[in-house]
Asks: 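Pasting a structure here, questions to come.
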Amino acid sequence: MDIAPALSVEELSYTYPGGGRALDQVSFSLAAGERVALLGANGAGKSTLLWCLVGVLRASGKVVVGGTELARGAEAEVRRKLGLAFSEPDDQLFMPTVSRDLSFGPLAAGDAPEESLRKAHAAAGQVALAEDLLARPPHELSSGEKRRAALAAVLALEPEVLALDEPTNSLDAPGRAALAEALLGLPCAQLIATHNLDFVRRLCPRSLVLVEGKLVADEQTASLLLDRGRLADYGLLAPEKGPT
Amino acid sequence: MIGHFDLYMRRESALHRMDERAKIIALVGFVLAALIAPTRPVWPACTLFGLLGLGLVFGRVPPLLLARRTLLVALFVGLPLLVSRWGGEDARLAAEAFAVKSLLVAAAFMVLMTTTRTVDLLDATGRLPLLRGLSALAQFIVRGVNVLLGEVVRTYRAWALRAPRANLQLRVRGLAAASVSLVGRAAARSDRIGAAMVLRGFDGSLPQAPARSPAAAHLAIGVAFAMLSLAAAGIGRWT
């Protein structure tokens, strides 16, 4: 019996309003619980692809998340199932305190206040965000704490698929390690857009590579990282061996 | 954190721990008392200054910090006081009353802001039915101002580091250019924040978080403080 993928993308194409082709016939799928890296140099189309998956940018092609096809009238359902963590946490934390930010999604989805608070605390626990930080305004948090708070805000909606845009930006080595630990403990499927190959090596058994909007590779991360020549062609730098 | 808009000073004190709603009740009573209290005889105003002193002690607010923060008010009341010297006894008394009341009100607000985070204060006011929408809007604005303030500080530093010896004309031009780019960046950021809200289910109405009940003891203290202030002012005025 075939198991429906958590995320299915078929022939997704997007053209910028100015005319440039950002995504060109991109197709792939993610199984439930699978962690997949989305690699590519700056400007390859990684962020654009993520914005298209949640319908903020309207692309041609087909996106199905947890059995729901992205179409007019179904955006809210898709966005509930696919949580997108932005590259810049300050863009994502808009409420006056972390706790209220984390409970915003569940409250907006119609959960009772107590239930939304429970989900907020559970999400904070998933990313090891200390309880005493929940009462603070987001601007009082460090970069690493903001990153985890933004991730928790998305997790509070209990998505089936988690998409992360450059999650290691502005994180130091301990911050990256803590984030990796948190992501490894999550049960949902994950699509991680990054150019940090050390991070990918630790987290993602499978990688997709975008070059100028085209999906040029979909393969095991281990074999991809061994091929330094091909990585260079893709505008990526192979990581040195050693701990992440 | 690069900079933010908040007068709150993190400290461990009885006033810091007190429920914000109780503090608002105390403040409202105190402000009303300051407005009706006479300055002749002087004891009602002295009593109010004494109550304010209690706030400083129980909030562990450094007096010098309070003096610095109320300096702006001193500038506003100083001018009428100065001008009243040529206006006769009535003008002098009126200017004096204006100065005393202004200082009392401003200092009380500063004690509240120093011992209470802006977000908690706005949250507490949002529990009042008539102010709910206004408070939600104000909370967004405070968050937005904090993010933008961070941008302003970063932009200014980036500019200052690249033009350490610029003359006044260049500085003005640099600041103008930085301001224009800041407007563009602020617009782009507001787009992304709007997207973040929509992606998490924002449909035009702000969900209300559950409120915890204020402790009865805190409310009693707040009400007692307000009543004491009003009693001192009322007795002084009508006896």
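Bear in mind that the values here come from a model prediction, so they are computed numbers and not experimental data. Here is the naming used below: chain letters follow the sequence lines, and residue numbers restart at 1 for every chain.
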Asks: Does atom CZ of Phe49(B) have more than 12 heavy-atom neighbours from other groups under 6.0 Å away?
Replies: yes

Asks: Indicate the atoms forming the closest heavy-atom contact of Ala108(A) with Gly201(B), along with that distance.
Replies: CB-O, 3.5 Å

Asks: Report, as yes or no, whether the 6.0 Å neighbourhood of atom CD on Glu212(A) holds more than 12 heavy atoms from other residues, nucleotides or ligands.
Replies: no

Asks: Are any non-hydrogen side-chain atoms of Trp51(A) and Leu199(B) less than 4.5 angstrom apart?
Replies: yes

Asks: Other residues, nucleotides and ligands only: do more than 12 of their heavy atoms fall within 6.0 Å of CZ on Phe28(A)?
Replies: yes

Asks: Nearest heavy-atom pair of Gln92(A) and Ala196(B): which atoms, and what distance?
Replies: CA-CB, 3.9 Å

Asks: Look at Gly83(A), Ala135(A), Ala150(A), Ala76(A) and state which one has the largest set of heavy-atom pairs under 4.5 Å with chain B.
Replies: Ala135(A)

Asks: Measure the spacing between CD of Glu140(A) and CZ of Arg10(B) and express it to the nearest 0.5 Å.
Replies: 5.0 Å

Asks: What heavy-atom pair brings Arg192(B) and Phe86(A) nearest, and what distance separates the two atoms?
Replies: O-CE2, 3.4 Å

Asks: When you compare the side chain of Arg117(B) with that of Thr97(A), does any pair of heavy atoms fall below 4.5 Å?
Replies: yes

Asks: Is the count of non-hydrogen atoms from other residues, nucleotides or ligands lying under 6.0 Å from Met9(B) atom CE greater than 12?
Replies: yes

Asks: If you take all heavy atoms of Phe94(A) and Arg200(B), which pair is closest and at what distance?
Replies: CE2-NH2, 3.1 Å

Asks: Is it the side chain or the backbone of Ala112(A) that comes within 4.5 Å of chain B heavy atoms, both, or neither?
Replies: neither

Asks: Taking every non-hydrogen pair under 4.5 Å, which of Leu82(A), Asp101(A), Val56(A) racks up the most with chain B?
Replies: Asp101(A)

Asks: Given a strict heavy-atom distance threshold of 4.5 Å, which part of Glu75(A) is in contact with chain B: side chain, backbone, both, or neither?
Replies: neither

